[in-house]
Student: 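Take this structure first; my questions come after.
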Amino acid sequence: MFYIIRFFLFLFPAETAHNITLKCLKIPFLTKFLKVIYSFEKTELIRNIGGLNFKSPIGLAAGLDKNGEYIDQFADLGFGFIEIGTVTPKGQEGNPKPRLFRLKEDKGIINRMGFNNKGVETVASSLKNRKSSVIVGGNIGKNKITSNENAINDYLISFNALFDFVDYFVINVSSPNTPNLRNLQEKEPLKKLLETVQSENSKKDKMKPIFLKIAPDLTEGQLDDMIEVLNETKIAGIIVTNTTLAREGLRSTNAVEQGGLSGKPLFKKSTEIIRYLSSRTDGKMAIIAVGGIFSAKDALEKIDAGASLVQIYTGFIYQGPALIKKIKKALIKK
Ligand SMILES: Cc1cc2nc3c(=O)[nH]c(=O)nc-3n(C[C@H](O)[C@H](O)[C@H](O)COP(=O)(O)O)c2cc1C
């Protein structure tokens, strides 16, 4: 059934299909009906990471529900946690369209959305309306017009505005579509950013876990620096990885489009980074894996490499919600 729906959706430009799908999720009772089909809850699936109890280790990656408007619907589809955003202090349009491309032959997506979102105040208001108790992560970034020198302030604004409405935070310094954002992954600016946000966190009655989301295009030296910074700042963990700028071995003609590549072509690279980080930290760092998960086998491979939780985006677009239940069943079997 999903493949018939996907066939029709794939006749539309990628962003149009994306918007139609999200609108459809709001059809009354549709996701409640889908919940009957896709629901699969078992106590063996519960994970405690960063002091939070995740109903299952399979989450929705950032970028699909940018404004936190579909949390109840995605929870109905079976996700154990949902990451909203990336959210910036002020709303912004993002890059001109077209900015989202399917690479069908490669089972990938290239996007250069550019943090299109409604701004943190509006997102905070939508979060107030959610009914589901599913764990929600707030992925935060800086506005395009904010210079890197002033970036910390943007992260603090969003951190404070979302604090009461999300369960964990993600500091996103790894999107390739905001000019120079990835420079914030360098040791000194990263340390300053994480220290400042963590210090703001410590002023709250109860601190919330903060994760750092990294790019897959980093050298081992840069990864070693990150481990040092994460240990020093006592950040809860790391999300591995965002999209890649690399374009190796692709067959699709539109693979020349600029932006970040996700999906199957990203799987190997992001899994290798998990393996590296896990071995360097003796498996002690909490790692959330994301990048090219298209099957239960892929998810298990990420967990074997050292991840505690996994997230999906492109695999969800290509394989549909059945993928979530398949991964859960495979985890139980294991
Ligand atoms: C259209 C699109 C938009 C995205 N937007 C964001 C974003 O706003 N913030 C973010 O941290 N990651 C974003 N991502 C990256 C995903 O969260 C994920 O890290 C990446 O796609 C790799 O996972 P996948 O191969 O399962 O898609 C986006 C990905 C796609 C395809």
Side-chain angles (χ1 to χ4, degrees), residues 13-19 21-22 58-68 74 79 81-88 92 94-95 97-103 106-118 120 123 137-144 155 158 168-178 181-182 184-185 211-217 238-246 257 259-271 273-274 287-295 298-299 301-302 307 309-319 323-324 327:
E15 193 167 346
T16 312
H18 168 99
N19 292 333
T21 310
L22 288 179
I58 301 118
L60 177 67
L64 194 45
D65 188 5
K66 295 222 182 231
N67 299 303
F74 283 120
F79 285 109
F81 61 109
I82 291 155
E83 196 170 304
I84 60 142
T86 296
V87 183
T88 55
Q92 56 181 31
N95 290 320
K97 295 175 188 170
R99 54 191 181 177
L100 186 61
F101 308 89
R102 282 181 215 107
L103 275 60
D106 301 297
K107 297 254 169 68
I109 290 178
I110 289 179
N111 92 81
R112 51 169 181 268
M113 304 298 285
F115 289 171
N116 55 309
N117 77 103
K118 294 183 178 172
V120 75
V123 174
N139 180 312
I140 56 178
K142 74 167 191 76
N143 276 113
K144 186 178 178 184
Y155 287 90
S158 299
Y168 70 88
F169 280 94
V170 179
I171 304 290
N172 182 8
V173 282
S174 50
S175 166
N177 301 313
T178 294
L181 184 80
R182 284 184 167 194
L184 296 174
Q185 293 180 120
F211 292 83
L212 174 73
K213 184 163 179 180
I214 64 166
D217 310 312
I238 190 155
I239 304 194
V240 188
T241 64
N242 215 314
T243 54
T244 181
L245 288 170
E257 289 293 346
L261 170 67
S262 60
K264 269 191 187 281
L266 177 62
F267 180 81
K268 192 164 168 269
K269 200 173 187 180
S270 59
T271 311
I273 297 179
I274 295 171
I287 299 175
I288 304 181
V290 56
I293 297 174
F294 271 63
S295 65
D298 294 340
E301 199 173 325
K302 297 273 191 197
L309 304 171
V310 300
Q311 293 180 319
I312 51 178
Y313 189 137
T314 308
F316 179 68
I317 304 292
Y318 278 89
Q319 311 291 92
L323 175 60
I324 310 163
I327 299 175

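In this chain, residues are counted from 1 in sequence order. First listed ligand is number 1; within each ligand, the first listed atom is number 1.
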Student: List the closest protein heavy-atom neighbour of atom 26 (O) of ligand 1: residue, atom name, distance to the nearest 0.1 Å.
Tutor: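 Minimum-distance protein heavy atom for atom 26 (O) of ligand 1 reads Y313 N, 3.1 Å.
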Student: Taking the side chain as everything from C-beta on, heavy atoms only, tell me whether F169 gets closer than 4.5 Å to I140.
Tutor: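 Heavy-atom side-chain distance check passes, below 4.5 Å.
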Student: By number and element, which atoms of ligand 1 are closer than 4.0 Å to a non-hydrogen atom of V290?
Tutor: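 In order of number, 18 (C), 19 (O), 22 (C), 23 (O).
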Student: Find all atoms of ligand 1 within a distance of less than 4.0 Å from any non-hydrogen atom belonging to G292, and give their numbers and elements.
Tutor: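 Counting from 1, the qualifying ligand atoms are 24 (P), 25 (O), 26 (O).
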Student: Could you list the atoms of ligand 1 found under 4.0 angstrom from a heavy atom of L100?
Tutor: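 That gives atoms 1 (C) of ligand 1.
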Student: Give me the ring orientation class for F294 and Y318: parallel if the planes are under 30° apart, tilted from 30 to 60°, perpendicular past 60°.
Tutor: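 Answer is tilted, since the angle falls between 30° and 60°.
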Student: Nearest protein heavy atom to atom 4 (C) of ligand 1, by residue and atom, and its distance?
Tutor: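 Nearest protein contact, heavy atoms only, for atom 4 (C) of ligand 1 is G63 CA, 3.7 Å.
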Student: Ligand 1 versus N139, non-hydrogen atoms closer than 4.0 Å: side chain, backbone, both, neither?
Tutor: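 The part of N139 near ligand 1 is the side chain, not the backbone.
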Student: Between K66 and ligand 1, find which residue part has any heavy-atom pair under 4.0 Å and reply side chain, backbone, both or neither.
Tutor: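 Side chain only; the backbone of K66 stays clear of ligand 1.
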Student: Quick one: does G263 get an N or O within less than 3.5 Å of an N or O on ligand 1?
Tutor: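 Among all N and O atoms of G263, at least one is under 3.5 Å from an N or O of ligand 1.
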Student: Check whether any side-chain heavy atom of L100 sits under 4.5 Å from a side-chain heavy atom of I109, and report yes or no.
Tutor: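 They are in contact (side-chain heavy atoms under 4.5 Å apart), so the answer is yes.
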Student: Which protein heavy atom lies closest to atom 22 (C) of ligand 1, and at what distance to 0.1 Å?
Tutor: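 Protein heavy atom with the smallest distance to atom 22 (C) of ligand 1: L266 CD2, 3.6 Å.
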Student: Answer whether the closest heavy-atom distance between the side chains of Y155 and L184 falls below 4.5 Å.
Tutor: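 SC-SC contact between Y155 and L184 confirmed.
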Student: Short N/O distance, under 3.5 Å, between T314 and ligand 1?
Tutor: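 Among all N and O atoms of T314, at least one is under 3.5 Å from an N or O of ligand 1.
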Student: Examine ligand 1 and decide if any of its atoms is less than 4.0 Å from a heavy atom belonging to T241.
Tutor: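 The answer is yes, since T241 has a heavy atom less than 4.0 Å from ligand 1.
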Student: Does N111 reach the side chain of S262, with side-chain heavy atoms less than 4.5 Å apart?
Tutor: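 When only atoms from C-beta onward are counted, S262 and N111 do not touch, as no gap falls below 4.5 Å.
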Student: Can you tell me the protein heavy atom closest to atom 12 (N) of ligand 1 and the distance?
Tutor: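 Scanning the protein heavy atoms, the shortest distance from atom 12 (N) of ligand 1 goes to K213 NZ, 3.1 Å.
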Student: When you compare the side chain of T86 with that of K213, does any pair of heavy atoms fall below 4.5 Å?
Tutor: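 Side chain of K213 against side chain of T86, heavy atoms only: no contact under 4.5 Å found.
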Student: Side-chain contact test, heavy atoms from C-beta onward, threshold under 4.5 Å: evaluate it for I324 versus F79 and give yes or no.
Tutor: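 The answer is yes; the side chains approach within 4.5 Å.
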Student: Kindly confirm or rule out a cation-pi arrangement of K142 over F115, judged by NZ or CZ under 6.0 Å from the six-membered ring centre and within 45° of its axis?
Tutor: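 Not flagged: K142 not positioned over aromatic ring of F115.
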Student: Residue-level breakdown please: for N111 versus ligand 1, do any non-hydrogen atoms fall below 4.0 Å on the side chain, on the backbone, on both, or on neither?
Tutor: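 Under 4.0 Å from ligand 1, N111 contributes side-chain atoms alone.
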Student: Taking distance alone, with N or O pairs closer than 3.5 Å, would you say A62 contacts ligand 1?
Tutor: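 A62 vs ligand 1: N/O contact under 3.5 Å present.
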Student: Should we say atom NZ of K269 is surrounded by more than 12 heavy atoms from elsewhere, each under 6.0 Å from it?
Tutor: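 For K269, atom NZ is crowded (more than 12 foreign heavy atoms under 6.0 Å).
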Student: Among all protein heavy atoms, pick the one closest to atom 15 (C) of ligand 1 and tell me residue, atom and distance.
Tutor: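 Sorting protein heavy atoms by distance from atom 15 (C) of ligand 1 puts N242 OD1, 3.5 Å first.
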Student: Looking at side-chain heavy atoms only, is the closest gap between T178 and T88 below 4.5 Å?
Tutor: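 No, side chains not in contact.
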Student: Quick one: nearest non-hydrogen protein atom to atom 21 (O) of ligand 1, plus distance?
Tutor: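 Going atom by atom, the protein heavy atom closest to atom 21 (O) of ligand 1 ends up being S262 CB, 3.2 Å.
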Student: Is atom NZ of K264 surrounded by more than 12 heavy atoms (other residues, nucleotides or ligands) closer than 6.0 Å?
Tutor: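 Yes, NZ of K264 has more than 12 neighbouring heavy atoms, counting only those of other groups under 6.0 Å.
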Student: By number and element, which atoms of ligand 1 are closer than 4.0 Å to a non-hydrogen atom of N172?
Tutor: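 Matching atoms, with element in brackets: 9 (N), 10 (C), 11 (O).
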Student: Can you check whether R102 reaches I317 side chain to side chain, under 4.5 Å on heavy atoms?
Tutor: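 Result no, sub-4.5 Å side-chain heavy-atom pair not found.
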Student: Tell me whether ligand 1 is touched by G85 - counting only heavy atoms on the residue side and a distance under 4.0 Å.
Tutor: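 Under 4.0 Å: yes for G85.
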Student: For ligand 1, does H18 get within less than 4.0 Å through its side chain, its backbone, both, or neither, judged by non-hydrogen atoms?
Tutor: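 Neither; no heavy atom under 4.0 Å.
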Student: Tell me the contacting part of T86 for ligand 1: side chain, backbone, both, or neither, using a 4.0 Å heavy-atom threshold, strictly below.
Tutor: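 Both of them.
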